[in-house]
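Worksheet: the structure to be examined is printed underneath.
Everything numeric in this text was worked out from a predicted model, so none of it was measured. Numbers for residues simply follow the sequence, beginning at 1. Values reported hereafter were calculated over all heavy atoms of this structure, with side chains retained and with hydrogens, waters and symmetry mates removed.
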Amino acid sequence: MKEKYRVGIISDTHGLLREEVINTLKTCDYIIHGGDINKKEIIDELKKIAPIFVVRGNNDKGEWAEDLPRELYFNIGEINFYMIHNIKEISNSLKNIDVIVFGHSHKYFYEVIDNTTYLNPGSCGKRRFSLPINFAIMTIENDNYKIEKIEILNN
């Protein structure tokens with residue numbers, strides 16, 4: 001059986017879900033959020049769109065954030081993920097991970113190292129300094145995937 005999934009990968013929304021991001025996420029089967037959500041309403045809104053995987057960022061404080069995991073292992077289809085907000089806090093004992101998702105820096109980063117994809121989708125919430133506003137879409141088909149960087153030009 002052929003499995004195909006469209007996954008929206010976002011991070012560092014800091015309390016802001018932009019309309020352009022929501023419209024794209026509505027086309028996705030899953031949403032991954034790399035932390036710094038800043039308020040529970042963001043998670044609630046994303047859950048209305050698609051199943052969500054989320055980790056706690058350094059700015060996620062308060063009772064609503066206490067149960068959010070600092071790191072998370074999960075799979076979508078045949079792809080094994082590991083997610084943490086700050087890449088500097090990554091576990092040294094990762095095995096059989098295809099994709100590592102992280103946030104924190106607000107800078108898009110995509111690199112394959114030793115057959116593992118490292119992906120920071122950037123920030124799609126409030127602008128930080130003069131950094132661009134962006135996120136990623138991953139298309140998974142069986143054990144293959146491709147990543148598309150989405151830049152929001154009208155910000």
Side-chain angles (χ1 to χ4, degrees), residues 3-18 20-113 115-125 133-150 152:
E3 294 181 355
K4 188 170 185 177
Y5 304 99
R6 184 170 161 92
V7 182
I9 306 175
I10 64 176
S11 189
D12 296 277
T13 49
H14 290 278
L16 174 63
L17 270 181
R18 294 171 181 268
E20 305 96 312
V21 176
I22 291 171
N23 289 339
T24 302
L25 292 177
K26 286 180 179 177
T27 69
C28 295
D29 301 298
Y30 293 95
I31 299 169
I32 296 173
H33 195 307
D36 274 1
I37 304 135
N38 282 81
K39 57 185 182 180
K40 181 182 181 299
E41 292 79 10
I42 299 290
I43 295 174
D44 295 340
E45 186 70 26
L46 293 173
K47 283 181 179 178
K48 292 176 188 173
I49 298 170
I52 180 173
F53 297 96
V54 61
V55 291
R56 184 176 180 176
N58 58 296
N59 286 299
D60 296 325
K61 297 177 169 60
E63 192 174 312
W64 72 271
E66 288 176 7
D67 291 333
L68 292 177
R70 296 278 184 189
E71 62 181 352
L72 188 62
Y73 295 87
F74 60 96
N75 22 316
I76 298 174
E78 297 177 32
I79 306 302
N80 297 317
F81 289 84
Y82 170 80
M83 183 165 52
I84 192 161
H85 181 64
N86 187 342
I87 193 71
K88 292 178 182 175
E89 298 171 0
I90 193 169
S91 171
N92 290 328
S93 60
L94 296 180
K95 291 183 179 153
N96 300 320
I97 299 296
D98 299 305
V99 179
I100 296 172
V101 176
F102 59 100
H104 190 62
S105 71
H106 293 235
K107 295 177 187 174
Y108 183 88
F109 179 86
Y110 169 77
E111 190 171 334
V112 178
I113 303 167
N115 294 320
T116 300
T117 296
Y118 289 75
L119 175 65
N120 181 334
S123 172
C124 63
I133 306 296
N134 45 34
F135 62 105
I137 296 293
M138 174 185 271
T139 305
I140 299 172
E141 192 163 354
N142 299 318
D143 61 351
N144 296 306
Y145 58 88
K146 68 177 186 175
I147 296 170
E148 177 187 2
K149 178 181 179 181
I150 308 292
I152 300 173

- Message: Looking at R56 and G35, would you say the former's side chain and the latter's main chain have a donor-acceptor pair under 3.5 Å?
- Response: no
- Where is the tightest heavy-atom contact between D12 and S123, given as atom of each residue plus distance? O-OG, 3.0 Å
- Would you say the side-chain atoms of N80 pair up with the backbone N or O of N75, donor to acceptor, closer than 3.5 Å? no
- Message: Can you confirm whether E148 sits close enough to T139 that some side-chain heavy atom of one is under 4.5 Å from a side-chain heavy atom of the other?
- Response: no
- Contact summary for D29 and K4, nearest pair of heavy atoms: OD2-O, 4.1 Å
- Under a 4.5 Å cut-off applied to non-hydrogen side-chain atoms, are I43 and W64 in contact? yes
- Query: Will you find, in the side chains of T117 and Y145, an N or O donor that is under 3.5 Å from an N or O acceptor?
  - Reply: yes
- Take L25 and I10 through the side-chain contact (heavy atoms from CB on, under 4.5 Å) test and state the conclusion after the steps. CA-CA 9 Å; L25 292 177; I10 64 176; 4.2 Å; yes
- Message: Can you give me the closest heavy-atom contact between E78 and D98, atom names plus distance?
- Response: O-OD2, 3.7 Å
- Task: Any chance you could lay out the side-chain contact (heavy atoms from CB on, under 4.5 Å) test for I137 and C28, step after step, and finish with the verdict?
- Result: CA-CA 8 Å; I137 296 293; C28 295; 3.7 Å; yes
- Query: Can you say whether the rings of F102 and Y118 are parallel (under 30°), tilted (30 to 60°) or perpendicular (over 60°)?
  - Reply: perpendicular
- Task: Please examine the side chains of I87 and I100, heavy atoms only from C-beta on, and report whether any two atoms are closer than 4.5 Å.
- Result: yes
- Item | Atom pair CG/CG of L46 and L17 - distance to nearest 0.5 Å | 5.0 Å
- Look at the side chain of N120 and the backbone N and O of G103, then say whether any donor-acceptor pair between them is shorter than 3.5 Å. yes
- Using side-chain hydrogen bond (donor to acceptor under 3.5 Å, both in side chains) as the criterion, point out the one residue from D60, D36, N59 that pairs with H85. D36
- So do V21 and I133 actually touch side chain to side chain, heavy atoms under 4.5 Å? no
- What do the steps show when you test F53 against I76 for side-chain contact (heavy atoms from CB on, under 4.5 Å), and what is the final call? CA-CA 10 Å; F53 297 96; I76 298 174; 3.9 Å; yes
- Item | D67, CG atom: more than 12 neighbouring heavy atoms under 6.0 Å | no
- Message: Using a 6.0 Å cut-off, check whether atom NZ of K40 has over 12 heavy atoms from anything other than its own residue.
- Response: no
- Does NZ in K149 sit with more than 12 non-hydrogen atoms of other residues, nucleotides or ligands closer than 6.0 Å? yes
- Message: Just verifying a value: how many Å separate L94 CG and Y73 OH, rounded to the nearest 0.5 Å?
- Response: 4.5 Å
- Hey, could you give me the CG/NE2 distance between L72 and H33, rounded to the nearest 0.5 Å? 13.5 Å
- Message: Side chains of M83 and F74, heavy atoms from C-beta outward: is any pair under 4.5 Å?
- Response: yes
- Message: To the closest 0.5 Å, what do you measure between CD (E89) and NE2 (H104)?
- Response: 7.5 Å
- Note on the structure: Output for pair (K39 NZ, T13 OG1), nearest 0.5 Å, gives 9.5 Å
- Might you work through the side-chain contact (heavy atoms from CB on, under 4.5 Å) test for T24 and F135, ending with a clear yes or no? CA-CA 10 Å; T24 302; F135 62 105; 3.8 Å; yes
- Could you tell me which non-hydrogen atom of I152 sits nearest to which non-hydrogen atom of E20, and how far apart they are? CG2-OE2, 3.4 Å
- Y82 and S91: which non-hydrogen atoms are nearest, and at how many Å? OH-N, 3.4 Å
- Query: Got a second to check how far I31's CD1 is from I52's CD1, nearest 0.5 Å?
  - Reply: 5.5 Å
